[in-house]
**Q** 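The structure that follows is given in the form of structure tokens.
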Amino acid sequence: RNSTTSYSYTKYNEWHKISAWTARIAAKKPKLISRLQIGKTFENRPMYVLQVGKQKDSKKAIFMDCGIHAREWISPAFCQWFVKEAIRTYGKDKVMTNLLDNMNFYILPVLNIDGYIWSWTSDRCWRKNRSNVTSNKCIGVDLNRNFDAAWGTVDASKDPCTENFCGPSAESEPETKAVAAFIRSHLSSIKAYLSIHSYSQMILFPYGYTLNKAPNHDELNELAKKASQAIASLYGKKYKYGTSALTIYPSSGCSDDWAYNQGIKYSFTFELRDRGKYGFFLPESEIKPTCQEIMLAVKLMASHILSRTM
Ligand code: 0X9
Ligand code: ZN
């Protein structure tokens, strides 16, 4: 993999190519896409969200974060795929046309940009951001432990040298703060929060930090089940579904639980392919089928959410 490789939806793209792509696609489809800057990373890089939808001031929206964990490269690949497919099928596919006519998608293609770059240049297995305010000896906060949802409790470490270091305080990290501030300022429109990760093939919903059931547990479970069936209908891949705490493991400070507690009633985490054969090093040949199957799930969920929040 070298710097002469050009941008492709079926390859893993370096950050500078994804960044250029956000500008290019917004310029190419100004009626459907706007690029917003929601903040800056620890290393001062601008964080971009693509707003995708026909009406710029839509009353309904879905927020999707990709790349909160640096090494989960299939996640940013899916956010890029989603935007491409949305504009490609708008006006052709009934479901997508209805979605984009009636709601906005806020797509954050890479939440943890500094970490993503580090995973390309220095350590392919890097998970956290690159913040070093708390320690000279160890770098990085796990941004999916840094949200203000039972912060610093289950599966969160106060030791900066661990993979699940939750930071000195909730929202201590500029990346977390930028996302949380954006969500807070769009709470009247955002109906759903999707957080895209890998790997293990799961569809998770609140809570992660407690075994208690969420108030609308049954609806979330039913929607996750239908999404899982939609995924399996394409290539037969099995995605488990259930609450985070019971299905993957209990953990605190995650973006999905925080968003849910802000009143966003539809909050899901997707763990994409595979189940461990390649793990984070999913071959590029699996980008397309993975994105295709997850696209079905996201469209199904979005349609349900649109009809239920009319
Ligand atoms: O541990 C995580 O942050 C996620 N898994 S990963 O292997 N991609 O790191 C799962 C988060 C699930 N959501 C909650 N626990 N709230
Ligand atoms: Zn992850």
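Indexing begins at 1, ligand by ligand and atom by atom, following the structure's order.
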**Q** Starting from atom 7 (O) of ligand 1, find the nearest protein heavy-atom neighbour and note its residue, name and distance.
**A** Tyr249 OH, 3.5 Å
**Q** How far is atom 11 (C) of ligand 1 from the closest protein heavy atom, and which atom is that?
**A** Asn144 ND2, 3.7 Å
**Q** Please say which of Asp159, Asn144, Asp155, Asp142 ends up in a side chain to side chain donor-acceptor pair (under 3.5 Å) with Asn164.
**A** Asp155
**Q** Name whichever N, O or S atom of His197 ends up nearest to the Zn ion (ligand 2).
**A** ND1
**Q** Where is the nearest protein heavy atom to atom 12 (C) of ligand 1: which residue, which atom, and how far?
**A** Ser244 OG, 3.5 Å
**Q** Take the angle between the ring planes of Tyr207 and Tyr260 and call it parallel below 30°, perpendicular above 60°, tilted in between.
**A** perpendicular
**Q** I'd like to know if the Zn ion (ligand 2) has an N/O/S atom from Glu271 within less than 2.8 Å of it, counting both backbone and side-chain atoms.
**A** no
**Q** With a distance cut-off below 6.0 Å to the six-membered ring centre and an angular limit of 45° from the axis, does Lys84 pair with Tyr9 as a cation-pi contact?
**A** yes
**Q** Within the 3.5 Å criterion, strictly below it, is a donor on Glu219 or Tyr266 matched to an acceptor on the partner's side chain?
**A** yes
**Q** Say whether Ser198 and ligand 1 are in contact under the criterion: heavy-atom distance to a ligand atom below 4.0 Å.
**A** yes
**Q** Between ligand 1 and His197, is the shortest N or O to N or O distance under 3.5 Å?
**A** yes
**Q** Which residue and non-hydrogen atom of the protein lie closest to atom 15 (N) of ligand 1, and at what distance in Å?
**A** Ser251 OG, 2.8 Å
**Q** I'd like to know if the side chain of Asp114 reaches the main chain of Ser131, judged simply by a donor and an acceptor atom lying under 3.5 Å from each other, with no hydrogens or angles considered.
**A** no
**Q** Would you indicate whether Lys31, at its atom NZ, is surrounded by more than 12 heavy atoms from other residues, nucleotides or ligands within a distance under 6.0 Å?
**A** no
**Q** With under 30° as parallel and over 60° as perpendicular, where do the rings of Trp126 and Trp118 fit, or are they tilted in between?
**A** perpendicular
**Q** For N/O/S atoms only: which one belongs to His69 and is nearest the Zn ion (ligand 2)?
**A** ND1
**Q** Nearest to atom 8 (N) of ligand 1, what protein heavy atom do you find, and at what distance?
**A** Glu72 OE2, 2.9 Å
**Q** Atom 9 (O) of ligand 1: which protein heavy atom is closest, and how many Å away?
**A** Arg127 NH1, 2.6 Å
**Q** If only side-chain N and O atoms count, and only distance matters, is there a donor-acceptor pair under 3.5 Å linking Asn129 with Glu173?
**A** yes
**Q** Within a reach of under 6.0 Å around NZ of Lys265, are more than 12 heavy atoms found that belong to other residues, nucleotides or ligands?
**A** yes
**Q** Check for me whether Arg130 meets the cation-pi criterion with Tyr116, that is, NZ or CZ under 6.0 Å from the six-membered ring centre and within 45 degrees of the ring axis.
**A** no
**Q** Which atoms of ligand 1 sit under 4.0 Å from any heavy atom of Cys254?
**A** 13 (N), 14 (C), 15 (N), 16 (N)
**Q** Within the 4.0 Å heavy-atom shell around Asp257, which atoms of ligand 1 are there?
**A** 16 (N)
**Q** Using a 3.5 Å cut-off on N or O atoms only, is Glu271 in polar contact with ligand 1?
**A** yes
**Q** Starting from atom 16 (N) of ligand 1, what is the nearest protein heavy atom, named by residue and atom, and what distance separates them?
**A** Asp256 OD1, 2.8 Å
